[in-house]
Undergrad: 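Take a look at this one; I'll ask things after.
Counting starts at 1 for both ligands and their atoms, in listed order.
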Amino acid sequence: MRVLSGIQPSGALHIGNYFGAIRQYVHLQEGNDAYYFVADYHALTSVRSAENLRKYVFDVVVDLLALGLDPERATLFVQSDVPETTELAWLLTSVTPMGWLEKCVSYKDKVQQGIPAEHGLFAYPVLQAADILLYDADLVPVGQDQKQHLEITRDIAERFNHVYGETFKLPKPYILDQVAVVPGLDGRKMSKSYDNTIEIFDDPKTITKKVKKIVTDSTPVEAPKNPDTCNLFMLYRLFASPAELADVEGRYRAGGIGYGEMKSRLAEAIIAAFGPAREKRAELVAHPERVEAVREDAAQRARKAARIVLEKARNACGLGR
Ligand code: TYM
């Protein structure tokens with residue numbers, strides 16, 4: 001099966017990215033034909049410093065390798081190393097009704113947050129459709145917030161196929177219920193734009209500081225608490241073993257566990273969980289040439305796959321000789 005997904009280089013990756021997407025990337029690289037990319041064309045809608053963008057792209061490649069993507073198993077490339085993407089995006093734009101894009105929640109959200117209503121932001125889902133369709137992807141592992149983009153991708157593919165004849169495969173989203181929306185410090189979806197993130201590779205001190213900021217109610221230690229509505233518990237659940245979880249859940253329901261203790265447990269669990277990846281990351285940072293070699297090799301492989309589909313799409317709509 002062809003698996004594909006992308007992640008924007010718009011700052012450091014957070015634990016929402018990890019549980020909502022990256023962990024699935026790592027599982028799915030086994031036994032599948034996996035393509036993962038750093039979506040730098042997409043990041044142009046928000047990152048406006050060339051220096052920062054280059055740094056973020058390098059950082060995301062390093063982070064993904066440190067977190068377990070294996071360049072022998074998966075093709076880990078940078079989106080703009082495959083410029084075929086933008087050509088396909090134009091072919092798709094030409095069959096995409098404005099109304100489909102106007103109803104996109106993420107566009108409306110971003111404009112509401114004060115991000116300028118530029119055409120790139122508006123057309124973002126078409127570029128994302130191109131990313132996916134260009135690789136004949138069967139399965140796209142993502143968090144819940146990308147579901148609508150996946151639906152539009154399928155709609156665009158169907159419309160192109162209807163207009164020009166069977167060209168694109170229809171991809172399916174792969175969203176795991178338990179981690180579809182990882183909450184942030186304030187209980188809303190963890191997201192850079194809400195400034196409520198815990199970064200995967202924050203130093204231990206910063207992690208502890210951020211965990212202390214997690215918003216809870218003021219139920220006293222001895223009172224029973226409902227784990228199902230507790231933000232702190234939701235995050236802890238991602239890191240704890242089944243035995244730890246059962247223990248903590250029991251103490252929540254019976255009373256006798258305080259939020260202070262939970263915060264210490266959570267901070268320790270986060271620091272421990274990413275310890276080995278942190279070491280691997282430091283090693284990669286010390287050898288940028290290794291990272292560059294992965295990028296170069298992956299770009300060639302990705303481009304080869306992309307050219308096949310692009311050629312088919314160009315032919316279908318009458319471009320070229
Ligand atoms: P991005 O960069 O915002 O996020 C990368 C991945 O992390 C998931 N995610 C979350 N999952 C659960 N809980 C959260 N709090 C959380 N925050 C982020 C996202 O759902 C995503 O899977 N438009 C995409 C990038 C993209 C893409 C693609 C994805 C571009 N082209 C093609 C798939 C296929 C984005 O901005 O993701």
Undergrad: Which atoms form the tightest heavy-atom contact between Val179 and Phe19, and what is the distance?
TA: CG2-O, 3.4 Å
Undergrad: Which heavy-atom pair separates Tyr35 from Asp33 by the least distance, and what is that distance?
TA: CE1-OD1, 3.6 Å
Undergrad: Write down the atom of Leu101, the atom of Ala123, and the distance for their closest heavy-atom approach.
TA: CD1-CA, 4.4 Å
Undergrad: To the nearest 0.5 Å, what is the distance between OH (Tyr107) and CG (Leu121)?
TA: 6.5 Å
Undergrad: According to a hydrophobic-cluster definition based on side-chain heavy atoms being under 4.5 Å apart (Ile, Leu, Val, Met, Phe, Trp, Tyr only), do Leu65 and Val26 belong together?
TA: yes
Undergrad: Hey, does the Lys NZ or Arg CZ of Arg281 hover above the aromatic six-ring of Phe201, less than 6.0 Å from the centre and inside 45° of the axis?
TA: yes
Undergrad: Give every pair made of an N or O atom of ligand 1 and a protein N or O atom lying under 3.5 Å apart, one pair per line with both atom names and the distance to 0.1 Å, or write 'none'.
TA:
{"unit_1": "ligand 1", "atom_1": "2 (O)", "unit_2": "Gln8", "atom_2": "N", "d": "2.8"}
{"unit_1": "ligand 1", "atom_1": "4 (O)", "unit_2": "Asn17", "atom_2": "ND2", "d": "3.4"}
{"unit_1": "ligand 1", "atom_1": "7 (O)", "unit_2": "Asn17", "atom_2": "ND2", "d": "3.2"}
{"unit_1": "ligand 1", "atom_1": "11 (N)", "unit_2": "Gly16", "atom_2": "O", "d": "3.4"}
{"unit_1": "ligand 1", "atom_1": "13 (N)", "unit_2": "Val182", "atom_2": "N", "d": "2.8"}
{"unit_1": "ligand 1", "atom_1": "15 (N)", "unit_2": "Val182", "atom_2": "O", "d": "3.0"}
{"unit_1": "ligand 1", "atom_1": "15 (N)", "unit_2": "Met190", "atom_2": "N", "d": "3.4"}
{"unit_1": "ligand 1", "atom_1": "15 (N)", "unit_2": "Met190", "atom_2": "O", "d": "2.9"}
{"unit_1": "ligand 1", "atom_1": "20 (O)", "unit_2": "Gly143", "atom_2": "N", "d": "2.8"}
{"unit_1": "ligand 1", "atom_1": "20 (O)", "unit_2": "Asp145", "atom_2": "OD1", "d": "2.4"}
{"unit_1": "ligand 1", "atom_1": "22 (O)", "unit_2": "Gly143", "atom_2": "N", "d": "3.2"}
{"unit_1": "ligand 1", "atom_1": "23 (N)", "unit_2": "Tyr124", "atom_2": "OH", "d": "2.6"}
{"unit_1": "ligand 1", "atom_1": "23 (N)", "unit_2": "Gln128", "atom_2": "OE1", "d": "2.9"}
{"unit_1": "ligand 1", "atom_1": "23 (N)", "unit_2": "Gln146", "atom_2": "OE1", "d": "3.0"}
{"unit_1": "ligand 1", "atom_1": "31 (N)", "unit_2": "Asp131", "atom_2": "OD2", "d": "2.6"}
{"unit_1": "ligand 1", "atom_1": "36 (O)", "unit_2": "Gln8", "atom_2": "NE2", "d": "2.9"}
{"unit_1": "ligand 1", "atom_1": "36 (O)", "unit_2": "Tyr124", "atom_2": "OH", "d": "2.9"}

